[in-house]
Enquirer: 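One structure, pasted below without further comment.
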Amino acid sequence: MILVTGATGLSGSAVIREFARQKAPVRALVRNRAIAQAFATSLTVEVVEGDMLRPETLGAALRDVDRVLMISSASKRMVQTQCTFIDSAREAGVRHIVKFSGKESSIGFNPSHFRSTWEHEHIEDYLEHSGLAWTHLRPSQFMQFYLPPAPTAVNVAKGALLLPMENARLSPVDVEDIAKVAFALLHSEGHESKNYDMTGPEALTMTEVVERIAQAIGKPFRYVNIPLEETRQAWLAAGIPSERIDTISEVLSERSRCVESRVFLDTHKAFGVRPTTFAEFARRNAAVFRGESVPL
Ligand SMILES: NC(=O)c1ccc[n+]([C@@H]2O[C@H](COP(=O)([O-])OP(=O)(O)OC[C@H]3O[C@@H](n4cnc5c(N)ncnc54)[C@H](OP(=O)(O)O)[C@@H]3O)[C@@H](O)[C@H]2O)c1
């Protein structure tokens, strides 16, 4: 049995949708069954409740599990959550954990300047020394970061992307591509002790990002470079928790310092997944960028 944690989140739910599309059995760990309704109709998805921070709640989730795709939020408790879970998985007899990690694409990015990056490194190290077989899946920033309202960098009413990024290049990757890679990885052998970095297929400046959004929605869309403090105030006013704002501010500061970004497509190639371009992503989400619908 394969278990996917973080199944109600952005990337976890994309992975579960991929299993459902492929009609492949999977167990989805959720903290609250009520917010996992989207999977209820799939015959191959078994939803199990449990909390990664509370080993006593994980008995049913970990029973007969061979492989886990381990995902949790990039919150201040990520290290504790995932290291506690690794211990529970080992005790329950799990053989292999694929850690959903992260790797910045910005060239010169200093991991010590962004909490999530060094926390992922710490957890990777903990997993490597756990005695379990391990694989690290390391996507760069998600294309979904640009979708409104998360975390409102895109202002649909103003027809603008507002970020304190100058005109730095980033190589965002589509979460749907990561989900396809994760599915293929979990269904094939020979990935133990390997790192799979992933970026999207292009290193795009902010101007190039908005050009693609404008083309997809058929009307003008601008990039406005605004001071970081102004961005923080806008997010606070939008009700985004200050912990999340701090995390995003750290990464934006570091990304705007490193203006070039690498493109790395070996993982897409290794698993036969065609890299989605930002133009395709923008067309798929045109209604969201026009403010006519919300992201999945
Ligand atoms: N955003 C990016 O651009 C980016 C890029 C590369 C890597 N990453 C990494 O990708 C990972 C996933 O990100 P995401 O945006 O998909 O996360 P997300 O949407 O915040 O989802 C996190 C999931 O983890 C679950 N979770 C958190 N604590 C848990 C616990 N104690 N027990 C059980 N489940 C728990 C949440 O469940 P609830 O629904 O119950 O809260 C939710 O389903 C993060 O580690 C992040 O650092 C992000």
Side-chain angles (χ1 to χ4, degrees), residues 3-18 27-39 47-58 60-62 68-89 98-106 109 111 114-124 127 136-147 150-151 153 163 170-179 181-182 195-200 240-241 243-244 247-248 250-252 254-255 261 264 267 281 295-296:
L3 174 72
V4 175
T5 73
T8 54
L10 174 60
S11 43
S13 61
V15 174
I16 297 292
R17 282 197 303 277
E18 183 61 23
R27 190 175 290 162
L29 180 74
V30 301
R31 281 191 286 195
N32 180 353
R33 189 179 290 275
I35 50 173
Q37 290 303 328
F39 314 138
V47 177
V48 178
E49 280 184 337
D51 187 331
M52 296 164 80
L53 273 167
R54 293 170 49 221
E56 72 279 9
T57 67
L58 294 173
L62 288 170
V68 177
L69 177 64
M70 181 177 68
I71 309 176
S72 73
S73 336
S75 71
K76 282 197 170 132
R77 302 188 84 183
M78 183 166 73
V79 170
Q80 195 192 348
T81 303
Q82 297 196 5
C83 293
T84 304
F85 179 82
I86 290 167
D87 293 344
S88 304
V98 178
K99 168 163 168 52
F100 196 106
S101 192
K103 182 89 177 189
E104 279 295 318
S105 61
S106 302
F109 190 95
F114 178 38
R115 182 172 53 79
S116 290
T117 316
W118 59 256
E119 286 189 350
H120 279 307
E121 289 179 354
H122 180 90
I123 299 163
E124 287 183 358
L127 177 58
H136 305 320
L137 181 57
R138 296 168 163 170
S140 63
Q141 70 282 346
F142 302 157
M143 286 185 184
Q144 279 71 4
F145 175 78
Y146 295 99
L147 287 179
L163 277 176
L170 291 175
S171 317
V173 61
D174 187 358
V175 167
E176 301 293 327
D177 290 4
I178 309 169
V181 164
N195 301 313
Y196 288 105
D197 294 11
M198 291 181 81
T199 71
I240 296 171
E243 184 201 327
R244 183 150 157 70
T247 305
I248 302 168
E250 277 179 17
V251 75
L252 292 181
E254 192 58 12
R255 283 179 187 158
S261 199
F264 186 82
T267 299
F281 169 80
L296 262 183

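Numbering of residues begins at 1 and proceeds along the displayed sequence. Read the numbers this way: they start at 1 and go in the same order the structure lists the ligands and their atoms.
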Enquirer: Do His136 and Lys103 have side chains that approach each other closer than 4.5 Å (heavy atoms only, starting at C-beta)?
Expert: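 Not in contact.
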
Enquirer: Side chain or backbone of Asn32 under 4.0 Å from ligand 1, or both, or neither, by non-hydrogen atoms?
Expert: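 For Asn32, there is no contact with ligand 1 at all, from either part.
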
Enquirer: If you look at every heavy atom in Asp197 and Thr267, which pair is closest and at what distance?
Expert: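 Heavy atoms of Asp197 and Thr267 come nearest at O-OG1, 2.5 Å.
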
Enquirer: Counting heavy atoms only, which of Ser72, Ser101, Gly50, Ala28 is nearest atom 11 (C) of ligand 1?
Expert: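 The residue whose heavy atom sits nearest atom 11 (C) of ligand 1 is Ser72.
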
Enquirer: Run Arg115 and Glu243 through salt bridge (Lys or Arg N to Asp or Glu O under 4.0 Å) and show every step you take.
Expert: CA-CA 11 Å; Arg115 182 172 53 79; Glu243 184 201 327; 3.8 Å; yes

Enquirer: What protein heavy atom lies closest to atom 27 (C) of ligand 1? Include the residue and the distance to one decimal.
Expert: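 The protein heavy atom lying closest is Ser73 OG, 3.1 Å.
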
Enquirer: When you measure from the heavy atoms of Thr5 to every atom of ligand 1, does any distance fall below 4.0 Å?
Expert: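 Heavy atoms of Thr5 never come under 4.0 Å of ligand 1.
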
Enquirer: Look at atom CZ of Arg77 and say whether more than 12 heavy atoms of other residues, nucleotides or ligands are closer to it than 6.0 Å.
Expert: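 Check fails, neighbour count at 12 or below.
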
Enquirer: Between Arg27 and Val48, is there a donor-acceptor pair closer than 3.5 Å when you use the side chain of the first and the backbone of the second?
Expert: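 No, Arg27 side chain to Val48 backbone: no donor-acceptor pair under 3.5 Å.
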
Enquirer: Looking at Ile71, which atoms of ligand 1 are within less than 4.0 Å of one of its heavy atoms?
Expert: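 Matching atoms, with element in brackets: 12 (C).
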
Enquirer: So which protein heavy atom does atom 6 (C) of ligand 1 come closest to, and at what separation?
Expert: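 The closest one turns out to be Pro139 O, 3.4 Å.
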
Enquirer: Pick whichever of Ser11, Ala7, Ser140 has a heavy atom sitting closest to atom 5 (C) of ligand 1.
Expert: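 Result: the heavy atom closest to atom 5 (C) of ligand 1 is in Ser140.
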
Enquirer: I want to check something: taking the side chain as every heavy atom from C-beta on, are Phe100 and Ile178 in contact at a cut-off of under 4.5 Å?
Expert: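 In short, these two side chains touch, coming nearer than 4.5 Å.
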
Enquirer: If you measure from each heavy atom of Thr81 to ligand 1, is any distance below 4.0 Å?
Expert: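 For ligand 1, residue contact (heavy atoms, under 4.0 Å) with Thr81 is present.
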
Enquirer: Before signing off on this row, confirm whether Leu10 and ligand 1 have an N or O atom pair separated by under 3.5 Å.
Expert: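 By distance alone, the answer is yes.
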
Enquirer: Is there a side-chain contact between Val251 and Glu104 (heavy atoms, below 4.5 Å)?
Expert: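 Yes, at least one pair of side-chain atoms sits under 4.5 Å.
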
Enquirer: Give the numbers and elements of all ligand 1 atoms closer than 4.0 Å to a heavy atom of Gln141.
Expert: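 Atoms satisfying the 4.0 Å criterion: 3 (O), 5 (C).
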
Enquirer: Identify the two heavy atoms, one from Pro55 and one from Ser88, that lie closest to each other, and give their separation to 0.1 Å.
Expert: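 So the two residues come closest at CB-OG, 3.5 Å.
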
Enquirer: Side chain, backbone, both or neither: which part of Arg138 comes within less than 4.0 Å of ligand 1 when only heavy atoms are counted?
Expert: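 Neither part.
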
Enquirer: Run the numbers for me: atoms of ligand 1, each under 4.0 Å from some heavy atom of Ile35, listed by number.
Expert: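 Near Ile35, meaning under 4.0 Å from one of its heavy atoms, ligand 1 has 39 (O).
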
Enquirer: Quick one: which of Glu49, Arg31, Gln144 has a heavy atom closest to atom 29 (C) of ligand 1?
Expert: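 Checking each option, the heavy atom nearest atom 29 (C) of ligand 1 is found in Arg31.
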
Enquirer: Tell me which protein heavy atom sits closest to atom 32 (N) of ligand 1, plus the residue, atom name and distance to 0.1 Å.
Expert: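 Answer, as residue, atom name and distance: Met52 N, 2.9 Å.
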
Enquirer: Just distances here: any N/O of Gly9 and N/O of ligand 1 closer than 3.5 Å?
Expert: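 Between Gly9 and ligand 1 (N or O atoms, distance only) the closest approach is under 3.5 Å.
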
Enquirer: Compare every heavy atom of Ser171 with every heavy atom of Gln141, then report the nearest pair and how far apart it is.
Expert: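 Nearest pair, atom of Gln141 first, then Ser171: NE2-N, 3.0 Å.
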
Enquirer: Which protein non-hydrogen atom lies closest to atom 8 (N) of ligand 1, naming both residue and atom, and how far is it?
Expert: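 So the nearest neighbour among protein heavy atoms is Phe142 CZ, 3.6 Å.
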
Enquirer: Please answer whether the main-chain N or O of Ala7 pairs with a side-chain N or O of Ser13 as donor and acceptor at a distance below 3.5 Å.
Expert: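 Not confirmed, Ser13 side chain does not pair with Ala7 backbone.
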
Enquirer: Can you find an N or O of His120 that's nearer than 3.5 Å to an N or O of ligand 1?
Expert: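 Yes; the residue has a nitrogen or oxygen that sits under 3.5 Å from a nitrogen or oxygen of the ligand.
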
Enquirer: Shortest non-hydrogen contact from Ala182 to Leu69?
Expert: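 Closest approach of Ala182 to Leu69, heavy atoms only: CB-CD2, 4.0 Å.
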
Enquirer: Is there any N or O on Ser116 that sits under 3.5 Å from an N or O of ligand 1?
Expert: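 No, since none of the N or O atoms of Ser116 sits under 3.5 Å from an N or O of ligand 1.
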
Enquirer: Rounded at 0.5 Å granularity, tell me how far CG in Leu29 sits from CG in Asp51.
Expert: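 So the CG of Leu29 and the CG of Asp51 are separated by 8.0 Å.
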
Enquirer: Any chance you could measure Cys83, atom SG, to Ile123, atom CD1, to the nearest 0.5 Å?
Expert: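 Spacing of SG (Cys83) from CD1 (Ile123) equals 5.5 Å.
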
Enquirer: My understanding is that only residues two or more places apart in sequence, or in another chain, count here; which of them pass side-chain hydrogen bond (donor to acceptor under 3.5 Å, both in side chains) with Arg31?
Expert: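 In terms of side-chain hydrogen bond (donor to acceptor under 3.5 Å, both in side chains), with neighbours along the sequence ignored, Arg31 is linked to no residue.
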
Enquirer: Starting from atom 23 (C) of ligand 1, what is the nearest protein heavy atom, named by residue and atom, and what distance separates them?
Expert: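 Among all protein heavy atoms, the one nearest atom 23 (C) of ligand 1 is Gly6 CA, 3.5 Å.
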
Enquirer: Has Phe100 got any heavy atom lying under 4.0 angstrom from an atom of ligand 1?
Expert: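 Yes; Phe100 lies near enough to ligand 1 that a heavy-atom distance drops under 4.0 Å.
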
Enquirer: Could you identify the single nearest non-hydrogen protein atom to atom 39 (O) of ligand 1 and state the distance to 0.1 Å?
Expert: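 Scanning the protein heavy atoms, the shortest distance from atom 39 (O) of ligand 1 goes to Thr8 OG1, 2.5 Å.
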
Enquirer: In terms of residue, atom name and distance, what is the protein heavy atom nearest to atom 31 (N) of ligand 1?
Expert: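 Protein heavy atom at minimum distance: Asp51 OD1, 2.8 Å.
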
Enquirer: For ligand 1, is there an N or O atom under 3.5 Å from any N or O atom of Met78?
Expert: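 Looking only at distances, the answer is no, because the N/O contact criterion of under 3.5 Å is not met.
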
